[in-house]
Amino acid sequence: MLHVDPIFAATSVAPATLAAGGETVPPPFTVARVLTETRLDSWLALGLVLAAGLYLYGVYRLRLRGDRWPVVRTVCFLVPGLGGIAAVTVSGLGAYDTTLLSVHMVQHMVLSMIAPIFLALGAPVTLALRTLPVRPRKRLLAIVHSRIARVYSFPLVAFAIFVVNPFALYFTGLYEITLRHEWAHELVHAHFIMTGCVFFWPLLGLDPLPGRWPYPARALLMLLSVPFHTVLGLTIMQSTTLLGGDWYPSLHLSWSDPWNDQVVAGGVLWAGGEFVSVTMLAVLVVQWIKQSEREARRLDRELDRQEARQRAAEASA
């Protein structure tokens with residue numbers, strides 16, 4: 001079932017177009033509609049508001065007792081993290097996610113790659129461990145160190161899920177199901193977010209996770225993920241069949257050609273994947289350098305303490 005913002009039905013910009021099933025489809029896609037139309041009637045919008053509220057409450061609790069929490073972490077979690085998810089689902093962009101494949105691919109990039117990176121950099125688990133009472137804190141630690149968490153957060157397992165899932169979605173009948181049923185489409189959104197978090201949290205996240213790999217191994221795994229979106233994007237661009245079966249042609253859009261839009265979608269996935277992969281590799285290198293600097297300072301302090309003890313022993317002798 002095509003889920004379209006009701007505002008489109010009353011628009012005077014262009015006459016409503018009827019899909020094969022009699023559903024109204026939005027008028028031509030413009031930047032203005034992305035900025036002005038919103039959809040606040042989904043469970044995802046409620047989840048974003050709840051997550052932002054809990055995070056800010058945790059920061060408030062820390063400040064009440066005199067503890068500090070880095071402002072950069074708060075900004076990362078709220079603005080490009082939760083804000084990125086809202087920008088492609090709650091805004092007017094979400095009204096076109098079953099109408100244009102290219103818009104769906106933008107959602108794919110943001111939900112599975114961009115937003116999870118900044119959610120991980122916001123360190124929400126660390127914030128929760130510092131603010132929760134003793135019993136909930138123990139439960140959270142038990143979940144973080146559980147066998148299921150160890151398996152899914154293991155980098156090779158997360159990498160396999162991250163790479164295989166899009167191919168299984170787009171090149172099987174699953175994608176057409178998500179276009180015809182709103183609940184399935186919303187489920188895919190949640191799946192994209194979870195897949196991205198599972199992959200990026202052990203590589204770039206600041207939270208304490210079991211079995212975290214050293215930085216050289218993380219950088220290698222990150223490099224291996226770079227060509228993945230290139231291959232997927234080129235495959236979509238060169239495909240001789242339309243993704244989603246006859247869904248897009250059945251919309252009878254006079255302002256968009258499904259074949260051209262699929263080429264644009266593959267290009268978005270290709271170029272966007274390259275850019276995001278190189279950017280997250282740069283973030284990992286910066287973290288690696290900072291960790292090396294902290295380790296060097298720790299060793300310097302230890303050497304200073306040893307020298308001080310040695311001088312004290314010589315003086316007493």
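Excluded from the calculations below are hydrogen atoms, water molecules and symmetry mates; all remaining heavy atoms, backbone and side chain alike, are included.
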Neighbour count above 12 (heavy atom, 6.0 Å) for I148 CD1:
no
Hey, could you give me the CZ/OG1 distance between R130 and T126, rounded to the nearest 0.5 Å?
8.5 Å
Regarding D261 and S256, is there a side-chain donor-to-acceptor distance under 3.5 Å anywhere?
no
Quick one: list whatever passes salt bridge (Lys or Arg N to Asp or Glu O under 4.0 Å) with D257, sequence neighbours left out.
none
Looking at every heavy atom in both P116 and G196, which two are closest together, and how far apart are they?
CB-C, 3.5 Å
Would you indicate whether the side-chain heavy atoms of W201 and L119 approach each other to under 4.5 Å?
yes
Atom CH2 of W183 with >12 non-hydrogen neighbours under 6.0 angstrom:
no
T230/E274 under side-chain hydrogen bond (donor to acceptor under 3.5 Å, both in side chains): CA gap, chis, key distance, verdict
CA-CA 7 Å; T230 301; E274 293 277 347; 2.2 Å; yes
If we count only N and O atoms by modelled type, under 3.5 Å, do the side chains of W69 and Y55 hold a donor and an acceptor together?
yes
Nearest 0.5 Å please: distance from the OG atom of S112 over to the CE atom of M194.
13.5 Å
Ring centers of H104, Y96 separated by less than 6.0 Å
no
Please determine whether the number of non-hydrogen atoms from other residues, nucleotides or ligands lying under 6.0 Å from atom CZ of R305 exceeds 12.
yes
Rounded to the nearest 0.5 Å, what separates atom CZ in R218 from atom CG in L223?
14.0 Å
Value rounded to 0.5 Å, distance of OG1 in T131 from CG in L64
11.5 Å
Where does the angle between the aromatic ring planes of H185 and H189 fall among parallel (under 30°), tilted (30 to 60°) and perpendicular (over 60°)?
perpendicular
Can you give the donor-acceptor pairs under 3.5 Å from side chains of residues 134-141 to other protein atoms, not counting sequence neighbours?
unit_1: R137; atom_1: NE; unit_2: L129; atom_2: O; d: 3.0
unit_1: R137; atom_1: NH2; unit_2: L132; atom_2: O; d: 2.7

Angle between ring planes, Y215 versus W288, binned at 30° and 60°: parallel, tilted or perpendicular?
parallel
Has R147 got more than 12 heavy atoms of other residues, nucleotides or ligands less than 6.0 Å from its CZ?
no
Side chain proximity check, L111 to V88, heavy atoms < 4.5 angstrom
yes
Would you say W247's side chain and T98's backbone share a donor-acceptor pair under 3.5 angstrom?
yes
Does the pair R298/E295 count as a salt bridge with the N-to-O cut at 4.0 Å?
yes
When you measure from the side chain of E186 to the backbone N and O of L44, does any donor-acceptor pair fall under 3.5 Å?
no
Rounding to 0.5 Å, atoms CG (L232) and CE (M105) come to a distance of 6.5 Å
Determine all donor-acceptor pairs shorter than 3.5 Å in which one atom belongs to a side chain in residues 149-167; sequence neighbours excluded.
unit_1: R150; atom_1: NE; unit_2: H145; atom_2: O; d: 3.4
unit_1: S153; atom_1: OG; unit_2: A149; atom_2: O; d: 2.5
unit_1: N165; atom_1: ND2; unit_2: I161; atom_2: O; d: 3.4
unit_1: N165; atom_1: ND2; unit_2: H191; atom_2: NE2; d: 2.8

Under 3.5 Å: donor-acceptor pair, side chain of S239, backbone of I236:
no
